[in-house]
Amino acid sequence: DQKFKVVVVGGGPGGLSVSSTISKLLGKNQVAVIEPANQHYYQPLWTYVGGGLKNFSESVKPMGDVMPTDAEWIQDKVTEFDPENNTVKLADGQTVGYDYLVVAAGIQINWDGVKGLKEALGKDGVTSNYDADSVQKTYKFIQEFKGGNALFTFPNTPLKCPGAPTKITFLAEEAFRLSGVRDKTNVIYNTSAGKIFGVDHYGRVLQQLANERNINVNFQHELIEINADNHQATFRNNANQELKSFEYDFIHVAPPQGPPKFIKESRLADASGFVDVNKDTLRHNKYKNVFALGDCSNLPTSKTAAAITGESGVLKKNLIADIQGKKIEQAVYDGYTSCPLIVGRDELILAEFSGYTGKPLETFPVDQRKISKVSQYLNKEVIPAIYWNFLLKGTWTGPSTVRSIFDPVRPKRDD
Ligand code: FAD
């Protein structure tokens, strides 16, 4: 059985942004990344893939190509944590020991949470951008759609990129206009939430846009069943528990999600099942040599790759300080996250805010609630390059420096 100075669980953006910096610092054979998958996905691109604006191939790289060269890649799954003994157990039965552990295993998609969904997915107008296979069907189904009911759902669970379900709604609505079927189409957005977007500063603008585009928004509607044989989707109204079925000709499902089972069942989890870390320092609340970031953590901000940019910078400072024997925490995370609200092929509202305070944390000295073509270009063409070349290599820790440069010229906000 092996032992490393630092063991990182997961080779997504969270795990790689941390392991690349730490392995460069400590040198070879000191850092291991435990990651079972052969492919690394840049999931934020999947909204564009589903909307027919990007090729799926641009969202994938072989895992071997993105692994830090100084880190040891253990291609296996972690099945158990033993933080009392500083080890993790792998699916092949081996254990791996560590001085420090960083957990970044993402969120688990619970396809079984909606009856009939697993069987229906990817066929006959039923799709989801939340899956590597089915995202490749979304645009095909949009193109084949000839009118009728187009349904879009938002689950009653935590989810990654809570903006993604609305983004595909807007892109599909526009596509139906462009293909000439819009006037015989009902675009219906059924969300389990009580509003269209959690942060009102942007949510008000988004709701107004939905009204203008005749998108029918129903709140407290949780998808519980898909009956593919008769094209019915059943929703439970969480306000009065009533069930209501909608006939669909196209349906995009944002599936229920939750903590990965092996985390939820471990000593690292809090009551919600996510890794229990301090929201300022990203250090585990009980085991001081354990850190977590990204979608598997219980950080009370929205789960995005954008949040990971800020989280990784803070985590690395605190971890490196600890390795170097400094006793005080070096950095504090402000909850920064971003939700690039794509509302058309050339239209984007760049929501940037702290998930901790709900207050905007915008990079640019303009009102970012305004629909912008430049922001769309930034998100579609520039940010993917930053992701691959800088975030995964550990050298991009978010836009806070750019923001502070613009601070002196930033107009005062009205809320
Ligand atoms: P992940 O990227 O999920 O990586 C986790 C890794 O852990 C995976 O490689 C997995 O194989 C590995 N793993 C799992 N289980 C184990 C195990 N037992 N042992 C070892 N390894 C394991 N974010 C944005 O910032 N902007 C956007 O516009 C945006 N849009 C999105 C649109 C869609 C459709 C989706 C699906 C996501 C979007 N996101 C967006 C969210 C973003 O992709 C995630 O927040 C981000 O990928 C989280 O990174 P992570 O490293 O925490 O987890």
Side-chain angles (χ1 to χ4, degrees), residues 7-19 32-51 59-61 63 66-67 73-81 88-91 96 102-109 127-132 134-135 138 158-168 171 252-255 257 259-266 274-275 292-297 299 301-312 315 336-342 348 350-352 375-376 378-380 383-384 386-387 391-392 398:
V7 165
V8 176
V9 181
L16 294 185
S17 59
V18 172
S19 56
V33 180
I34 306 174
E35 165 60 66
N38 288 316
Q39 314 275 20
H40 176 106
Y41 296 115
Y42 176 54
Q43 301 165 51
L45 212 71
W46 288 356
T47 297
Y48 291 116
V49 175
S59 73
V60 200
K61 284 196 183 177
M63 193 59 81
V66 293
M67 271 291 154
W73 176 17
I74 301 175
Q75 191 170 11
D76 201 348
K77 261 187 204 163
V78 169
T79 53
E80 276 170 48
F81 294 101
V88 298
K89 196 169 172 192
L90 306 182
V96 180
V102 178
V103 189
I107 197 168
Q108 176 177 305
I109 301 214
T127 190
S128 177
N129 290 351
Y130 279 84
D131 177 72
S134 132
V135 65
T138 303
L159 74 164
K160 51 183 156 187
C161 197
T166 39
K167 298 178 202 178
I168 192 61
L171 281 177
H252 177 276
V253 179
Q257 298 163 47
K261 189 163 175 275
F262 77 107
I263 291 180
K264 190 176 170 182
E265 290 171 351
S266 77
F274 292 100
V275 184
L293 78 165
D295 296 354
C296 73
S297 74
L299 294 167
T301 190
S302 67
K303 298 182 183 298
T304 63
I308 286 174
T309 65
E311 293 168 10
S312 63
L315 191 158
Y336 172 82
T337 188
S338 165
C339 196
L341 295 164
I342 300 160
L348 187 142
L350 187 54
E352 293 187 289
S375 296
Q376 175 73 317
L378 182 78
N379 189 52
K380 191 158 154 262
I383 292 181
I386 294 178
Y387 179 92
L391 178 66
L392 296 192

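Both counts, for ligands and for their atoms, begin at 1 and track the order of listing. Keep in mind it's a predicted model, so treat the numbers as computed, not measured. Numbers here are sequence positions counted from 1.
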Visitor: Backbone or side chain, does any N or O of Glu35 fall under 3.5 Å from an N or O of ligand 1?
Guide: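 It does: an N or O of Glu35 is found under 3.5 Å from an N or O of ligand 1.
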Visitor: Distance check, rounded to the nearest 0.5 Å: Leu315 atom CG versus Leu293 atom CG?
Guide: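 Between Leu315 CG and Leu293 CG, I get 5.5 Å after rounding to 0.5 Å.
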Visitor: Got the closest protein heavy atom to atom 34 (C) of ligand 1, with its distance?
Guide: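 Protein heavy atom with the smallest distance to atom 34 (C) of ligand 1: Asn129 O, 3.5 Å.
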Visitor: May I ask which of Cys161, Cys339, Pro340 has a heavy atom nearer to atom 38 (C) of ligand 1 than the others do?
Guide: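 Checking each option, the heavy atom nearest atom 38 (C) of ligand 1 is found in Cys161.
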Visitor: Between Gln257 and Gln108 (side chain of the first, backbone of the second, donor and acceptor by atom type, cut-off under 3.5 Å), is there such a pair?
Guide: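 A pair under 3.5 Å: no.
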Visitor: Between Thr79 (side chain only) and Lys89 (backbone N and O only), is there a donor and an acceptor less than 3.5 Å apart?
Guide: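 Indeed, once roles are kept as given, a pair shorter than 3.5 Å links the two residues.
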Visitor: Which atoms of ligand 1 sit under 4.0 Å from any heavy atom of Pro36?
Guide: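 Here the atoms of ligand 1 in question are 20 (C), 21 (N), 22 (C).
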Visitor: Just heavy atoms, cut-off under 4.0 Å: does Ala306 contact ligand 1 by side chain, backbone, both, or neither?
Guide: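 Within the 4.0 Å criterion, Ala306 contacts ligand 1 through backbone and side-chain atoms alike.
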Visitor: Relative to ligand 1, is Ile308 under 4.0 angstrom through side chain, backbone, both or neither, heavy atoms considered?
Guide: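 Answer for Ile308: side chain.
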Visitor: Out of all atoms in ligand 1, which are within 4.0 Å of some heavy atom of Thr304? Include the element for each.
Guide: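 Near Thr304, meaning under 4.0 Å from one of its heavy atoms, ligand 1 has 23 (N), 24 (C), 25 (O), 45 (O).
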Visitor: Answer with yes or no whether Pro13 contacts ligand 1, where contact means a heavy atom under 4.0 Å from a ligand atom.
Guide: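 Contact present.
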Visitor: Under the 3.5 angstrom rule, does the side chain of His252 hit a backbone N or O of Asn129 as a donor-acceptor pair?
Guide: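 Looks like yes, one N/O pair under 3.5 Å.
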Visitor: Ignoring hydrogens, what is the shortest heavy-atom contact between Leu348 and Pro340? Give both atom names and the distance.
Guide: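 What the structure gives for the nearest pair is CD1-CB, 3.8 Å.
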Visitor: Is it the side chain (CB and beyond), the backbone, both or neither of Gln43 that lies under 4.0 Å from ligand 1, heavy atoms counted?
Guide: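 Within the 4.0 Å criterion, Gln43 contacts ligand 1 through backbone and side-chain atoms alike.
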Visitor: Does Phe262 reach ligand 1 with a nitrogen or oxygen that is under 3.5 Å from one of the ligand's nitrogen or oxygen atoms?
Guide: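 No.
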Visitor: Is it the case that ligand 1 has an N or O less than 3.5 angstrom from some N or O of Ala37?
Guide: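 There is no such contact.
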Visitor: Would you find a donor on one side and an acceptor on the other, under 3.5 Å apart, between the side chain of Lys167 and the backbone of Cys339?
Guide: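 Not a single qualifying donor-acceptor pair exists.
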Visitor: Mark yes or no for whether Lys303, through its side chain, and Lys160, through its backbone, hold a donor-acceptor pair below 3.5 Å.
Guide: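 Judged by distance alone, no pair lies under 3.5 Å.
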Visitor: Any heavy atom of Lys167 sitting closer than 4.0 Å to ligand 1?
Guide: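 Within the 4.0 Å threshold, so yes.
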Visitor: Checking the side chain of Ser134 only, and the main-chain atoms of Ser128 only, is there a donor and an acceptor separated by less than 3.5 Å?
Guide: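 Yes, because the side chain of Ser134 sits within donor-acceptor range (under 3.5 Å) of the backbone of Ser128.
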Visitor: Within ligand 1, which atoms have a heavy atom of Gly294 less than 4.0 Å away?
Guide: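 So the atoms of ligand 1 that pass are 52 (O).
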Visitor: Going by heavy atoms, is Cys296 under 4.0 Å from ligand 1?
Guide: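 For ligand 1, residue contact (heavy atoms, under 4.0 Å) with Cys296 is absent.
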Visitor: Any side-chain to backbone donor/acceptor pair from Glu311 onto Gly294? Under 3.5 Å, distance only.
Guide: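 Answer holds: yes.
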Visitor: Is the side chain of Trp73 donor-acceptor paired with the backbone N or O of Glu35 at a distance under 3.5 Å, no angle test?
Guide: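 Yes.
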Visitor: Who's closest to atom 44 (C) of ligand 1 heavy-atom-wise, of Asp295, Thr138, Leu348?
Guide: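 Considering heavy atoms of Asp295, Thr138, Leu348, the nearest to atom 44 (C) of ligand 1 sits in Asp295.
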Visitor: So for ligand 1, is Ile107 a polar contact partner (N or O within less than 3.5 Å, distance only)?
Guide: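 There is no such contact.
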Visitor: What about Tyr130: any of its N or O atoms under 3.5 Å from an N or O on ligand 1?
Guide: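 In this structure, Tyr130 places no N or O atom under 3.5 Å from an N or O of ligand 1.
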Visitor: Please state which option from Ser302, Gly10, Ala105, Ser128 has its nearest heavy atom closest to atom 5 (C) of ligand 1.
Guide: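 Ranked by closest heavy atom to atom 5 (C) of ligand 1, first place is Ala105.
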